[in-house]
*Asks:* 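I have a structure here, written as structure tokens, and I will follow up with some questions on it.
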Amino acid sequence: MLDQRLVRQNPELVVEQLGRRGLKLDLTGLQLIAQQQRDLEEQLSNLQAEGNRVGKEVGQRISTGASPAGPEVKELRELGNRLKQQVAVLDEEEKSLSARLREQLLGLPNLPSALSPEGVSEADNIEVKRWGEPRIEMGLQEHGAIAERLGLLDTERSVRIAQSRFVTLLGQGARLERALISFMIDLHARKGYREVLPPILVNTASLTGSGQLPKFAEESFRCADDDLWLTPTAEVPLTALHRDEVIPAEQLPLRYVAFTPCFRREAGSYGRDTKGLIRLHQFHKVELYWFCHPQHSDAAHEQLTRDAESVLEALELPYRRIELCTGDLGFSAARTFDLEVWLAGAGTYREISSCSTCAEFQARRSAIRFKEGKGTQLLHTLNGSGLAIGRTMAALLEHGQQADGSVALPAALWSYFGAERLTAEA
RNA sequence: GGAGAGGUGGCCGAGUGGUCGAAGGCGCAGCACUGGAAAUGCUGUAUAGGGGCAACUCUAUCGAGGGUUCGAAUCCCUCCCUCUCCGCCA
């Protein structure tokens, strides 16, 4: 959420900055609401102050001997009643304005960071770096075919269990998924991330706090009888972990690593990536999350991204880092690096991690502040996948495929997986 | 699901209509004492939004919302949540 003071006092700046995302906005209506709300609040507090004075005076008069039913007290009581009526009217107006203001503010995306490159679409994203040697050979298979051949997963039966875009992992496939989860969590925990296993059903306030609501309700699965949704990413429960808290500055940064299943409706992607592990309603992800001091958030963003990259490097998977242009940024993000892993069979780089700083956007929605000396300030939140498990498996299968049909795994996984390669099951 | 208890500041905990943003304690910070520390003493210590260069000041907040009243942490209503016991259950 944007600062309503900024919208009130400098709407031109907001329009200009959101314009960098490709939005053409007219904020005059919103600014008017914000101003009216502010004015009303002032009138209201003046009236309330007067009412408080009257109330106190009645008490004083009575305690110094005036008759509670006497004329002077009666007069004050009538004055109090008149004030109360006026307050009631203003209060109602103020509440409805505040609600409208908040509703509209919640629908506005974050301002892009000054560091984010200008651009209108994916095509304007900037490749920052490449790591590793992509395998480019004729005849490499895509992961879906490899997985099927090795019996790692069953898509058809998953439709019976749930519906399309779900997958059931079997045998070595299930074991590899589990190995990857443990491997990634351990790797990050060694660097000082605190491991978290949060609820994966989250309430409306949590989804609003991280920015998925109110705008993206159609992307999440919702429970019919409760105020609960299936979380689309661990970013949601992790942001909510400290909602409405004031954290002492010396405790920052707080760094968490969480494994969760993630659930997304993938509305509007019919027909895309229908095979394999790339786009599913349920997928698994290890997520990195920082709560940090605003002064350190740019450095933290780089560190978080490096921590995500270190997983790919440990798994010996070639990747590139892309910096998103302003037009391609997600709703809550101020600046984002995507990591794209090389899919040797598909012959393409594919997003496997998205590392964003949200600056104070989520902190304001979630009321997460820190205390430094006197007074509190909003802190900054950052998140990044470290990594998406399914896509990691896909990359490993395609990268490690051998002429004999087996798949060689990187040494880092041997102890977790219990073998050095995947082979056809007897 | 049934029965009961309860939600007050960072924490514990008092407070059943009047000047209460709220006693006391703990914790924390500063100062004093000390060679240094412990102990002790003093002072300070919520959040949000306004106004003011500032000292400071106004408003709101005692789970949430509504009501009674000149005045509500305190009385009434509704809702939410937590805890205990029973049932069920991994």
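Letters go in sequence order (proteins before strands), and every chain restarts at 1.
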*Asks:* Before accepting this row, confirm whether a basic side-chain N of the pair Arg369(A)/Glu245(A) lies closer than 4.0 Å to the acidic partner's carboxylate O.
*Replies:*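 Glu245(A) and Arg369(A): not salt-bridged.
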*Asks:* Hunt down the Watson-Crick or G-U wobble partner of C11(B), both distances under 3.5 Å, from any strand shown, or write none.
*Replies:*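 Check on C11(B): paired to G25(B), both distances under 3.5 Å.
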*Asks:* In residues 43-59 of chain A, which residues come under 4.0 Å of RNA chain B by heavy atom?
*Replies:*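 Close to the strand are Ser45(A), Gln48(A), Ala49(A), Asn52(A), Gly55(A), Val58(A), Gly59(A).
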*Asks:* Centroid-to-centroid, Tyr256(A) to His242(A), below 6.0 Å?
*Replies:*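 Yes - the distance between ring centres of Tyr256(A) and His242(A) falls below the 6.0 Å cut-off.
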*Asks:* In Watson-Crick or G-U wobble terms, both distances under 3.5 Å, what is the partner of G36(B)?
*Replies:*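 Checking every strand shown, G36(B) finds no partner, since no pair has both distances under 3.5 Å.
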*Asks:* Nucleotide range of RNA chain B contacted by chain A, 5' to 3', under 4.0 Å to a heavy atom?
*Replies:*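 Under 4.0 Å from chain A, the extent on RNA chain B is G18(B) to G71(B).
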*Asks:* Taking atom C1' in both G9(B) and U61(B), compute the distance separating them and give it to the nearest angstrom.
*Replies:*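 That atom pair is separated by 11 Å.
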*Asks:* What is the pairing partner of C85(B), taking Watson-Crick or G-U wobble pairs with both distances under 3.5 Å in any strand?
*Replies:*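 G2(B) - that is the nucleotide pairing with C85(B), both distances being under 3.5 Å.
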*Asks:* Test the Arg265(A)-Phe221(A) pair against the cation-pi criterion, namely NZ or CZ under 6.0 angstrom from the six-membered ring centroid and within 45° of the ring axis.
*Replies:*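 Output yes; distance and angle both within limits.
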*Asks:* Using the six-membered ring of Tyr289(A), assess whether NZ or CZ of Arg255(A) lies under 6.0 Å from its centre and within 45 degrees of the ring axis.
*Replies:*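 Verdict for Tyr289(A): no cation-pi partner in Arg255(A).
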*Asks:* Using the C1' atom as the reference point in each nucleotide, state the distance between G67(B) and C86(B) in Å, no decimals.
*Replies:*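 To the nearest whole Å, 37 Å.
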*Asks:* Say you pick atom P in G71(B) and the same atom in U78(B); how far apart are they, in whole Å?
*Replies:*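 It works out to 23 Å between them.
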*Asks:* Using purine N1 to pyrimidine N3 plus N6-O4 or O6-N4 for Watson-Crick, or N1-O2 and O6-N3 for G-U wobble, each under 3.5 Å, what pairs with A54(B)?
*Replies:*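 Looking at the geometry, A54(B) pairs with no nucleotide.
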*Asks:* Under 3.5 Å, is there a donor-acceptor pair linking the side chains of Gln282(A) and His284(A)?
*Replies:*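 Distance-only check passes for Gln282(A) and His284(A).
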*Asks:* Across all strands shown, which nucleotide pairs with G18(B) by Watson-Crick or G-U wobble geometry, both distances under 3.5 Å?
*Replies:*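 Pair assignment: G18(B) / C70(B).
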*Asks:* Pair Glu103(A), Arg100(A) - check salt bridge (charged side-chain N to carboxylate O under 4.0 Å, His left out), show working.
*Replies:* CA-CA 5 Å; Glu103(A) 194 183 321; Arg100(A) 277 171 63 197; over 6 Å; no
*Asks:* Take Arg20(A) and Glu16(A) through the salt bridge (charged side-chain N to carboxylate O under 4.0 Å, His left out) test and state the conclusion after the steps.
*Replies:* CA-CA 7 Å; Arg20(A) 296 174 62 209; Glu16(A) 181 198 321; over 6 Å; no
*Asks:* Please give the nucleotide sitting opposite U59(B) as a Watson-Crick or G-U wobble pair, both distances under 3.5 Å, or none.
*Replies:*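 Its partner is A48(B).
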*Asks:* For residues 158-179 of chain A, which residue pairs pass the ring pair (Phe, Tyr, Trp, His ring centres under 6.0 Å) check, not counting sequence neighbours?
*Replies:*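 For residues 158-179 of chain A: Phe166(A)-His281(A).
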*Asks:* Can you tell me, in whole Å, how much space there is between the P of A22(B) and that of A72(B)?
*Replies:*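 To the nearest whole Å, 16 Å.
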*Asks:* Any ion pair linking Lys191(A) and Asp186(A) (charged N to carboxylate O, less than 4.0 Å)?
*Replies:*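 Result for this pair is no, no salt bridge flagged.
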*Asks:* Does the structure show a Watson-Crick or G-U wobble partner for C31(B), both distances under 3.5 Å? Name it, or say none.
*Replies:*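 Paired with C31(B), as far as the under-3.5 Å criterion goes, is G41(B).
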*Asks:* Hey, which of these two, Lys84(A) or Asp91(A), hits RNA chain B nearer its 5' end, going by closest nucleotide?
*Replies:*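 Nearest nucleotide further toward 5': that of Asp91(A).
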*Asks:* Identify the nucleotide, in any strand shown, that forms a Watson-Crick or G-U wobble pair with U78(B), with both distances under 3.5 Å; if there is none, say none.
*Replies:*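 Pairing partner, where one exists within any strand: A64(B).
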